[in-house]
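Here is the naming used below: chain letters follow the sequence lines, and residue numbers restart at 1 for every chain.
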Amino acid sequence: MADERVSAVQLLTPEGQRVAHPEYDINLTDAELRGLYRDMVLVRRIDTEATALQRQGELGLWAPCLGQEAAQVGSARAMAPNDFAFPTFREHGVTWCRGVAALDMLAILRGISNGGWDPSLHRCGPYSIVIGAQVLHGVGYAMGVQFDGAEDVAVTYFGDGAMAQGDVNEAFVFAASFSAPVVFFCQNNQWAISQPSDRQGNIQLYERANGFGFPGVQVDGNDVLAVLAVTKVALERARSGNGPTLIEAYTYRMGAHTTSDDPTRYRLAGELETWRLRDPIERLKAYLARQGIADRSYFDQIEQEGEKLAEQIRDGVRAMVPPKPESMFDDVYSEPHARIDEQRAEMLEYLASFEDAGG
Amino acid sequence: MAEQQQVFHLPDVGEGLTEAEIVKWRIRPGDSVAVNQIIVEIETAKAVVELPCPYAGSVKALHVPEGEIVPVGSPIVTILVTAKADEREPVLVGYGVKTDHEVHRRPRKPGIQQDIAPTSPARAKPLVRKLAKELGVPLDSVTPTGADGVITRADVLGSTRNGHSTSPAAAPNGRDDRQPVRGVQRAMADAMVRSAFTAPHVTEWVEVDISRTLDLVIRLRANSAYEGIKVTPLTIVAAAVIHAVKQYPRINSTWMESSQGAEIVTHSEVHLGIAADTPRGLLVPSVKAAGSMQLPQLARGIHTLIETARAGRSTPADLTGGTITITNVGVFGVDGGTPIINPGESAILAIGRILDRPWVVDGAIVVRPIMQLSLSFDHRVIDGALGSRALVSMANFLTDPAVEMVPAHATE
Ligand SMILES: Cc1ncc(C[n+]2csc(CCOP(=O)(O)OP(=O)(O)O)c2C)c(N)n1
Ligand SMILES: [Mg+2]
């Protein structure tokens with residue numbers, strides 16, 4: 001990579017050349033390689049469609065994952081079906097790989113669903129807006145797995161900015177002390193809203209793991225193969241009882257922080273151009289084409305699939321039915337609760353005061 | 001398949017924005033549009049944003065002219081859509097749910113009157129507040145009957161029947177004009193406050209006989225290398241500023257605060273800001289890499305920069321990244337001033353009007369075109385000696401551009 005600071009694991013150069021690494025390697029079938037390409041293209045298509053829908057007034061907000069597809073897809077595809085992902089609000093690539101329907105991702109941002117999907121079904125937590133909170137959840141879950149004597153691993157996602165959060169550092173301490181089966185997956189996308197990541201500390205993020213007593217590794221976050229390889233090793237380490245790993249996926253947020261943000265106010269256009277040359281999808285595409293693993297008709301077919309998906313999203317979002325107001329009481333407690341019942345009744349009575357008496 | 005009209009309403013593209021300005025339409029009536037094609041640029045309090053079209057079809061009508069500010073939810077364009085049958089009008093998150101039928105509302109049964117003094121501010125639930133706003137009833141004029149002194153829907157409706165105001169609170173007087181501060185104006189205000197109250201400003205000025213500069217402008221206009229390029233005295237002033245930066249690089253720098261303390265970053269390139277008076281307000285786009293340009297290129301760069309700004313087409317990149325700025329206050333007929341430094345820069349030069357004045361040359365009074373240069377600089381970065389030297393360098397350049405432009409060794 002162009003940055004001298006960076007010593008990231010790389011298996012695929014930005015030009016799509018396969019390179020060897022002394023510690024990490026990966027062997028995938030052609031179908032698996034094509035699958036990674038398809039995942040990334042479709043995730044990007046969902047992301048751009050959701051961004052457009054926000055601009056059309058259909059969503060309250062959207063946090064684009066543009067540019068981070070390899071980090072998200074590579075890490076999530078490394079997970080076993082029973083492992084559990086704890087995403088932030090930007091991990092559309094992770095939720096996609098966990099089998100969450102695109103429309104369920106959008107429903108939360110349309111403000112008509114509090115959670116979007118059933119976490120236990122997809123083994124993927126809800127989008128966490130509170131920075132760092134899900135890292136504690138992940139460690140807690142991992143400790144629970146340990147108590148159960150199970151073999152699952154929790155993967156918690158967070159950003160470079162979150163590395164400065166108390167919650168995240170507390171989670172590191174607990175995970176280290178208990179050798180909890182968890183993988184800390186940090187996407188260093190260079191920005192925490194308008195704060196550049198190099199202003200958030202004096203050493204590289206992955207190096208902080210040392211101080212907590214577990215390994216840290218930096219990976220080229222725009223290289224889906226390297227991300228997959230590095231995450232697989234971390235998962236196996238956790239699964240075999242050796243405790244957590246911090247992975248720093250060095251990547252770039254190519255879009256705005258959210259649709260409410262205007263990045264041109266704090267970063268120069270040249271930066272984006274530099275990272276465009278390291279685009280995660282383009283490099284895999286170049287590799288697939290050069291190796292003869294996929295050809296033009298395959299790429300076209302995936303693009304068409306993306307267009308179809310986008311159309312389904314557009315139609316589906318507009319057809320979404322807002323939930324009944326009282327449904328917000330449904331998931332507060334798993335069992336009936338007197339105080340909640342009282343509040344529900346009070347609200348229904350209030351709403352009834354607006355209803356038609358027939359004239 | 002049936003032809004059908006779809007109206008696109010201005011969405012809330014931020015979180016809780018209430019209005020936006022239509023900056024530029026990219027479509028005209030009769031044009032055909034595709035889904036997600038960018039059709040309009042709008043400017044909100046937060047950003048300039050492009051809106052993609054939700055429908056495919058042809059443009060029937062634009063409802064808002066460029067330059068107008070409209071509330072979120074206003075219809076802005078109608079598209080004739082060749083639609084799949086049975087398409088419902090979208091529910092727009094930004095401004096509430098569209099229902100098929102208007103809900104008929106019955107006043108809430110009054111609760112038991114309680115002996116509670118109205119608390120301040122008036123308390124009411126969101127739907128009741130909305131109703132009061134629609135009916136133009138000031139909430140603090142309503143007597144609450146709800147539990148704990150809460151204003152109910154019935155209270156609001158009752159108060160309109162009792163002949164309370166049905167129009168929004170009347171303006172305090174008929175004359176004062178109130179304009180919300182937003183967009184470019186807001187950005188300018190914030191930038192100026194930030195600069196004026198963090199950078200200690202010093203302003204110095206000097207008068208210059210610019211007859212030789214004007215001669216040069218006339219000669220360049222006639223020169224074939226400058227064909228089609230608008231050469232003005234500002235062009236030569238720009239060259240003078242770049243020349244001064246080459247001699248005194250420190251005037252082209254940024255004061256940076258960080259957790260590790262303060263740093264002065266002296267820029268290796270000159271991105272020359274030119275303050276422009278545009279229909280949208282004061283903008284300061286910059287000519288990028290002006291320090292590496294030959295004079296014809298610089299002249300052309302300034303010209304297109306200003307034209308682009310006036311046409312309202314400056315990109316965010318144009319408007320950021322300047323390292324030193326020139327502001328031409330002479331066009332307004334004044335001699336000089338104490339300009340405020342653009343945030344992130346350390347110096348700004350104001351040039352005044354050019355006026356024939358009596359001037360003493362070799363002991364005789366002659367008439368000469370005189371212009372004043374006023375240089376403001378950030379005293380954290382540039383001390384009085386440096387600021388003065390830089391200003392004199394600019395003045396010398398304009399007094400005799402030919403001598404200053406030719407490298408010294410070439411004249412030896
Ligand atoms: C506890 C908490 N503090 C602050 C915020 C506001 N906030 C939202 S995103 C963000 C920056 C996050 O940066 P990073 O961790 O790098 O993630 P990225 O947005 O780059 O994916 C902040 C401060 C929040 N949501 N939660
Ligand atoms: Mg970040």
Requested in this report: Please examine the side chains of A:Tyr350 and B:Thr152, heavy atoms only from C-beta on, and report whether any two atoms are closer than 4.5 Å.
Outcome: no

Report task. Just give me the residue among B:Leu319, B:Leu17, B:Asn36, B:Thr320 that pairs up with chain A most often, heavy atom to heavy atom, under 4.5 Å. Result -> B:Asn36

**Report entry** 4.5 Å side-chain heavy-atom contact, A:Arg318 and B:Pro54
**Finding:** yes

Report task. Answer yes or no: does atom CG of A:Asp300 have more than 12 heavy-atom neighbours from other residues, nucleotides or ligands under 6.0 Å? Result -> yes

Report task. Count the heavy atoms belonging to other residues, nucleotides or ligands that lie under 6.0 Å from CD of A:Glu346, then report whether that count exceeds 12. Result -> no

Query raised in the report: Counting only heavy atoms not in B:Glu263, do more than 12 sit closer than 6.0 Å to its CD atom?
Result: no

Query raised in the report: Say you draw a straight line from CG of B:Leu127 to OG of A:Ser353; how long is it, rounded to the nearest 0.5 Å?
Result: 9.0 Å

Query raised in the report: Is the CD atom of A:Glu326 crowded by more than 12 outside heavy atoms at less than 6.0 Å?
Result: yes

Query raised in the report: Which bit of B:Val35 is near chain A, if near means a heavy-atom gap under 4.5 Å: side chain, backbone, both or neither?
Result: side chain

Query raised in the report: Do A:Gln56 side-chain atoms and B:Leu51 backbone N/O form a donor-acceptor pair below 3.5 Å?
Result: no

Query raised in the report: Contact part of B:Val13 toward chain A, heavy-atom cut-off under 4.5 Å: side chain, backbone, both or neither?
Result: both

Query raised in the report: Would one find more than 12 heavy atoms of other residues, nucleotides or ligands at under 6.0 Å from atom CG of A:Leu277?
Result: yes

Query raised in the report: Does atom CE of A:Met347 have more than 12 heavy-atom neighbours from other groups under 6.0 Å away?
Result: yes

Query raised in the report: So, for B:Glu50 and A:Arg55, which heavy atoms are closest and what is the spacing to 0.1 Å?
Result: O-CD, 3.7 Å

